[in-house]
Amino acid sequence: MPNSDEIKRRIEASIPESSAEVEDLTGGGDHFRATVISDAFAGLARIEQHRMVYDVFGAEVGGPIHALSIKTQTRTS
Amino acid sequence: MTESSKAQLREQIEQAIRDNSVILFMKGTPEAPSCGFSARTVGALQSLGAPFAAVDILPHPAIRQELSAISNWPTIPQLFVDGELIGGADIVTEMFESGELATVLGVEQAEGEAAPEPEVPAAGAAPMGIENRLG
């Protein structure tokens, strides 16, 4: 089971110049909220921004990571 | 599931997305959502009083896989408007709160109005038939 730190690390490693805050919403390691800030999101529709975050985890979404709530922003917003 | 029944299911899903200007793929029904994310999403639509079609993906797990292949989005719920994926619970909620969802759906959103009690959507009957046609 991933934990908040690992999720944060993986997002920050995959999304250029990003900083991520990850909360484990249930304490059970299966429902997280990630707030990701990166200028890599600039100009992209929310859908595209969220897809970039989902893509970090690929097939794990819906499995080991049961639920991932996402909030994305650019640094300049 | 055979390749041809997968292809058939995919076509049915794509048809439903084409035929309904607002369609929500969710867990459970608008009257009885089965998960919090689906509940939140359908609640936003109901608050706006916008007509929409709803497909309960729970009875047929294969729908989820084919839908995700079509939309390139891994989770449920998924809201499509005019054939385009708008997003899941997070995006729909954000857009609802900012007023963007009302704009996209072409409905009015009263300022500071409390969300009305969830009601059964009037027009745009749910294409539940999609489940019944599965082989």
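Atoms considered below: every heavy atom in the structure, side chains included; atoms not considered: hydrogens, waters and symmetry mates.
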If we count only N and O atoms by modelled type, under 3.5 Å, do the side chains of B/Gln15 and B/Arg18 hold a donor and an acceptor together?
yes

What part of B/Glu84 lies closer than 4.5 angstrom to a heavy atom of chain A: side chain, backbone, both or neither?
neither

Is the backbone of A/Ile37 close enough, under 3.5 Å, to the side chain of A/Ser18 for a donor and an acceptor to pair up by distance?
no

Could you check whether the rings of B/Phe25 and B/Phe80 sit parallel, tilted or perpendicular, using 30° and 60° as the cut-offs?
perpendicular

Please state whether the side chain, the backbone, both or neither of B/Ser71 comes within less than 4.5 Å of a heavy atom of chain A.
backbone

With a 4.5 Å cut-off on side-chain heavy atoms, are A/Lys71 and A/Arg33 touching?
no

Could you tell me which portion of B/Ile86 (side chain, backbone, both or neither) has an atom closer than 4.5 angstrom to a non-hydrogen atom of chain A?
backbone

